[in-house]
Amino acid sequence: MSKDYSALKENFIQKIIDQDREDNKYGGRVHTRFPPEPNGYIHIGSAKAILINYGLALANDGKFNLRFDDTDPTKEEEEFVESIKEDIKWLGADWENRLFFASDYFEQMYQCAVQLIKKDKAFVCDLSQEEIREYRGTLTRPGQESPYRNRSIEENLDLFARMRAGEFPTGARVLRAKIDMSSPNMNMRDPVIFRIQQAPHFRTGDKWVIYPMYDYAHPLSDAFEGITHSLCSLEFEDNRPLYNWFLENLDFSEPPQQIEFARLNISHTVMSKRKLRRLVEGGYVDGWDDPRMPTICGLRRRGYTPEAIWDFCDRSGVAKTNSLISIAQLEHCIRQDLNWRAPRMMAVLKPLKVIIENYPEGKTEYLETEINPEQPELGHRSIPFSRELYIEQDDFREDPPKKFFRLAPGREIRLKGAYYIQCVDYKKDPNTGEITELRCTYDPETRGGWSRDGRKVKGTAHWVSAAQARPAEVRIYNHLFERENPEEEGDFLDHLNPNSLEILSDCLVEPALAESKPGDRFQFLRKGYFNRDPGSEKLVFNRIVSLRDTWARMQKKK
RNA sequence: UGGGGUGUGGCCAAGUGGUAAGGCAAAGGACUUUGGAUCCUUUAUCCCAGGUUCGAAUCCUGGCACCCCAGCCA
């Protein structure tokens with residue numbers, strides 16, 4: 001099943017596009033872009049932005065660009081452009097041959113700034129950073145005009161050229177737009193366009209010592225690329241008048257339009273790069289690709305599929321309301337995807353030895369069981385059965401509560417794909433009270449798990465044959481934060497879930513799993529979906545997500 | 001106390017004057033060689049208060065709540 005990336009749920013941006021096409025705006029063209037800053041790893045929130053931009057382009061016969069917004073040389077690195085490209089490719093968005101960098105436009109941006117100066121729309125300001133802040137005023141008080149605001153055009157041109165030539169140190173002067181210091185919109189109070197930064201850029205080297213600001217670089221980059229619909233998140237709403245101001249004053253004929261939508265927030269995790277960085281640098285997780293991280297590389301290592309991520313992003317909708325989507329929604333998407341695609345396997349996470357007393361010693365037989373009941377055409381696999389087995393500790397109770405359908409003294413259950421077994425005795429550690437071994441009998445008439453006399457059995461357990469089972473490590477991942485919204489109160493780190501990772505090192509898995517490859521995904525019967533950890537030599541499986549567990553839920557309620 | 005946004009069930013989200021889609025979660029039931037999957041069933045008058053209208057979540061007026069903005073970050 002391949003995902004149709006162009007089948008986006010209806011949303012308000014598509015409606016704007018519909019209207020634009022009806023009006024023949026942009027000649028009916030639709031051209032979007034994803035503009036990451038290469039200063040970190042992208043996360044599932046970015047994936048949603050990618051889905052919307054790419055999906056809207058596909059759905060409207062349009063084009064989609066990838067453009068790195070690399071206008072701050074002090075924060076950006078080549079390493080990040082590679083990882084971001086890799087993640088976007090993995091997600092399945094295709095920018096074809098349209099990979100761009102804002103830094104490719106530095107010269108054009110410079111020339112546009114010269115135009116603004118010539119139109120008396122920009123000036124070089126010598127105020128210090130602190131002074132600029134003071135002159136800017138406050139939210140409720142208008143700002144004051146810079147004393148340098150009325151320099152002559154000639155002087156501005158000269159100074160700006162010398163800024164570019166490197167005559168002044170970092171921070172000495174800036175180029176500012178000449179707009180309105182009393183605007184109620186802070187962004188319009190003569191914003192900075194270019195600043196001096198005597199620092200090498202990872203792509204342009206030391207060619208430039210002045211760098212454009214986002215507010216200036218973004219609309220121009222969009223315009224240069226012929227972007228029609230420039231989508232961004234809500235916090236840029238106040239920047240839109242400025243976005244438009246630059247395009248108007250530079251006389252672009254078909255200016256792109258900025259449209260804002262709410263960014264994605266998911267419960268029990270954090271999404272800002274700053275916070276993710278703190279998690280990594282503080283050692284709270286094992287790197288950017290820790291399977292608990294909401295980064296794309298983290299989700300990939302965890303075992304998430306691109307299809308499930310797309311599905312989730314699409315279901316969460318495109319709107320303007322700030323929202324916090326339940327992580328259960330994400331988990332639902334991956335369960336649904338993996339239910340039909342993941343082969344079934346048996347793995348005993350917390351083994352309890354079972355001896356089948358009436359089964360011949362030294363005998364091994366091979367039984368058949370389905371690879372995936374959702375896809376019967378895949379056929380069967382064979383699994384070894386013998387006198388000595390392991391089942392899950394949880395599947396036996398010395399003193400079973402009501403509605404417990406599993407093994408208990410005297411009870412009979414089915415071993416999946418094998419036989420009915422009945423517990424006739426058990427051994428217990430006298431000191432700890434721990435059950436150490438079960439003695440059972442099997443009914444040879446129930447081979448395959450069917451009884452001839454039609455007697456029913458309530459429970460079916462997964463199991464593994466002792467001699468052929470392979471040892472493995474299983475890592476159980478849980479929500480990274482205990483709180484639904486970790487940023488709601490105090491420091492988000494205070495709400496970390498101490499049990500977000502539980503390592504089970506004595507697991508026993510069916511032998512076929514030894515042949516699995518890193519990254520392979522399986523359903524471990526009755527336990528959940530797991531993927532072979534790509535970063536480990538040994539047999540290590542990450543739990544992607546548990547199965548829905550109504551028994552556990554019933555227990556919890558009590 | 002300035003400006004920009006947003007308010008529909010526990011969480012998302014359609015709806016744009018004609019009598020509240022859908023998904024997730026939750027609950028009940030059926031079925032089941034995964035207590036999985038599947039299948040039924042159940043759950044809101046739309047932030048509040050007025051007003052217009054035969055009729056309003058949708059229009060008007062006035063409130064209230066929450067989010068964003070004072071980087072030479074994006």
Side-chain angles (χ1 to χ4, degrees), chain A residues 9-11 15 35-37 39 69 71-72 74-75 125 127-129 132-134 136-143 170-176 182-189 191-197 210-211 213-215 217-218 232-241 260 262 267 273 312 315-333 335-336 339-340 344 346 369-370 373-374 403-406 413-418 420 446 448-451 457-462 484 523-529 546-554:
Chain A
K9 236 167 80 170
E10 64 178 315
N11 63 78
K15 281 186 185 129
E37 182 185 14
N39 69 343
D69 211 345
T71 56
D72 185 353
T74 64
K75 292 185 178 162
C125 184
L127 252 25
S128 70
Q129 200 165 161
I132 286 183
R133 192 187 321 125
E134 284 162 20
R136 187 152 36 222
T138 69
L139 294 177
T140 51
R141 238 181 291 283
T170 295
R173 291 183 223 262
V174 292
L175 182 72
R176 292 225 251 168
S182 63
S183 170
N185 181 344
M186 301 295 285
N187 292 302
M188 302 301 269
R189 321 244 260 227
V192 173
I193 300 178
F194 268 97
R195 77 282 210 182
I196 299 172
Q197 195 86 251
I210 59 173
Y211 294 93
M213 300 292 290
Y214 166 85
D215 281 316
H218 209 85
C232 64
S233 45
L234 252 28
E235 63 267 32
F236 292 101
E237 282 178 316
D238 289 346
N239 300 56
R240 183 167 9 109
E260 312 83 10
S267 74
K273 269 188 200 169
F312 168 74
R315 282 169 189 249
S316 66
V318 184
K320 298 194 71 158
T321 42
N322 286 309
S323 60
L324 182 65
I325 294 173
S326 167
I327 198 166
Q329 184 95 228
L330 214 209
E331 293 169 344
H332 166 80
C333 291
R335 277 194 194 103
Q336 185 179 271
N339 178 48
W340 71 269
R344 313 285 123 128
M346 291 203 279
T369 186
E370 61 271 75
E374 301 297 320
K403 300 238 176 130
F404 184 83
F405 302 150
R406 310 176 187 180
I413 62 163
R414 169 170 42 232
L415 292 181
K416 170 72 181 175
Y420 283 13
T446 57
W450 303 98
S451 76
V457 101
K458 275 273 181 62
T460 300
H462 57 103
E484 191 171 73
Q523 183 196 98
F524 287 175
L525 240 55
R526 305 206 303 137
K527 283 292 160 191
Y529 296 98
S546 67
L547 250 29
R548 280 181 79 231
D549 189 344
T550 52
W551 169 245
R553 239 188 301 153
M554 280 165 63

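Here is how names work: the chains are called A, B, and so on, in the same order as the sequence lines, proteins then strands, and each is numbered from 1. No experiment lies behind these values; they were computed from the predicted model shown.
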Students often get this wrong, so: under 4.0 angstrom with heavy atoms, is [X] touching a base, only sugar-phosphate, or nothing?
{"X": "A:Ile413", "result": "nothing"}
{"X": "A:Tyr211", "result": "nothing"}
{"X": "A:Asp72", "result": "sugar-phosphate"}
{"X": "A:Met346", "result": "nothing"}
{"X": "A:Asn239", "result": "base"}
{"X": "A:Val174", "result": "base"}

In this structure, how many angstroms lie between the [atom2] atom of [N] and the [atom1] atom of [X], rounded?
{"X": "A:His462", "N": "B:U32", "atom1": "NE2", "atom2": "P", "result": "21 Å"}
{"X": "A:Leu234", "N": "B:C66", "atom1": "CG", "atom2": "C1'", "result": "12 Å"}
{"X": "A:Arg176", "N": "B:A70", "atom1": "CZ", "atom2": "C1'", "result": "13 Å"}
{"X": "A:Leu330", "N": "B:G23", "atom1": "CG", "atom2": "C1'", "result": "14 Å"}
{"X": "A:Asp215", "N": "B:C68", "atom1": "CG", "atom2": "C1'", "result": "14 Å"}
{"X": "A:Tyr214", "N": "B:A74", "atom1": "OH", "atom2": "C1'", "result": "7 Å"}
{"X": "A:His218", "N": "B:C73", "atom1": "NE2", "atom2": "P", "result": "17 Å"}

Just by distance, no angles: are the side chains of [X] and [Y] close enough, under 3.5 Å, to form a donor-acceptor pair?
{"X": "A:Asp238", "Y": "A:Asn187", "answer": "no"}
{"X": "A:Arg189", "Y": "A:Ser183", "answer": "no"}
{"X": "A:Gln197", "Y": "A:Tyr211", "answer": "no"}

N-O pairing of A:Lys75 and A:Glu37 below 4.0 Å =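 Between A:Glu37 and A:Lys75 there is no salt bridge, as every charged N stays at least 4.0 Å from the carboxylate O atoms.
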Once you apply the 3.5 Å cut-off to both distances, tell me the Watson-Crick or G-U wobble partner of [N], or none.
{"N": "B:G36", "answer": "none"}
{"N": "B:G50", "answer": "B:C60"}
{"N": "B:A26", "answer": "B:U42"}

Separation between [atom1] of [X] and [atom2] of [Y], rounded to the nearest 0.5 Å:
{"X": "A:Asp549", "Y": "A:Lys527", "atom1": "CG", "atom2": "NZ", "answer": "7.5 Å"}
{"X": "A:Asn239", "Y": "A:Asn185", "atom1": "CG", "atom2": "CG", "answer": "7.5 Å"}
{"X": "A:Arg176", "Y": "A:Cys125", "atom1": "CZ", "atom2": "SG", "answer": "4.5 Å"}

Check residues 317-331 of chain A and write down every donor-acceptor pair under 3.5 Å in which the side-chain atom is one partner and the other belongs to a residue at least two apart or another chain.
{"from": "A:Lys320", "atom 1": "NZ", "to": "A:Glu237", "atom 2": "OE2", "distance (Å)": "2.8"}
{"from": "A:Ser326", "atom 1": "OG", "to": "A:Ala328", "atom 2": "N", "distance (Å)": "3.1"}
{"from": "A:Glu331", "atom 1": "OE2", "to": "A:His479", "atom 2": "NE2", "distance (Å)": "3.0"}

Distance check, [atom1] atoms only: [N] and [M], in whole angstrom units.
{"N": "B:C46", "M": "B:A20", "atom1": "C1'", "value": "7 Å"}
{"N": "B:C40", "M": "B:C24", "atom1": "P", "value": "12 Å"}
{"N": "B:A14", "M": "B:G23", "atom1": "P", "value": "15 Å"}
{"N": "B:G15", "M": "B:G9", "atom1": "C1'", "value": "15 Å"}
{"N": "B:C54", "M": "B:U1", "atom1": "C1'", "value": "45 Å"}
{"N": "B:C48", "M": "B:G10", "atom1": "P", "value": "13 Å"}
{"N": "B:A70", "M": "B:A56", "atom1": "C1'", "value": "41 Å"}
{"N": "B:U52", "M": "B:C39", "atom1": "P", "value": "49 Å"}

Can you find a side chain N or O atom of A:Thr71 that sits less than 4.0 Å from OP1 or OP2 on B:A74?
->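 For B:A74, OP1 or OP2 has a side-chain N or O of A:Thr71 closer than 4.0 Å.
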Ignoring backbone atoms, test whether A:Arg189 places a side-chain nitrogen or oxygen under 4.0 Å from the OP1 or OP2 oxygen of B:G3.
->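 No, A:Arg189 has no side-chain N/O under 4.0 Å of OP1/OP2 on B:G3.
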Applying salt bridge (Lys or Arg N to Asp or Glu O under 4.0 Å), can you list everything that pairs with [X], at least two apart in sequence or on another chain?
{"X": "A:Arg344", "result": "none"}
{"X": "A:Lys416", "result": "A:Glu370"}
{"X": "A:Arg526", "result": "A:Asp395"}

Could you run down nucleotides 33-40 of chain B 5' to 3' and tag each one B, S or - for protein heavy-atom contact under 4.0 Å?
-> BBBBS---
Reading nucleotides 6-14 of chain B 5' to 3', which nucleotides get B (base under 4.0 Å from a protein heavy atom), which S (sugar-phosphate only), which -?
-> SS---SSSS
Before giving the answer on ring-ring contact (aromatic ring centres under 6.0 Å, His included), spell out for A:Phe405 and A:Trp551 the whole-Å C-alpha distance, their side-chain angles and the decisive distance to 0.1 Å.
-> CA-CA 10 Å; A:Phe405 302 150; A:Trp551 169 245; 7.3 Å; no
When you check the glycosidic angle of B:G29, does it come out syn, meaning within 90° of 0, or anti?
->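 You should classify B:G29 as anti.
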With nearest nucleotides of RNA chain B determined for A:Thr140 and A:Glu37 from heavy-atom distances, which residue corresponds to the more 5′ nucleotide?
->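 Result: A:Thr140.
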Closest-nucleotide ordering on RNA chain B, the 5'-leading residue of A:Leu139 and A:His332 =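 With A:His332 and A:Leu139 compared, the 5'-side residue is A:Leu139.
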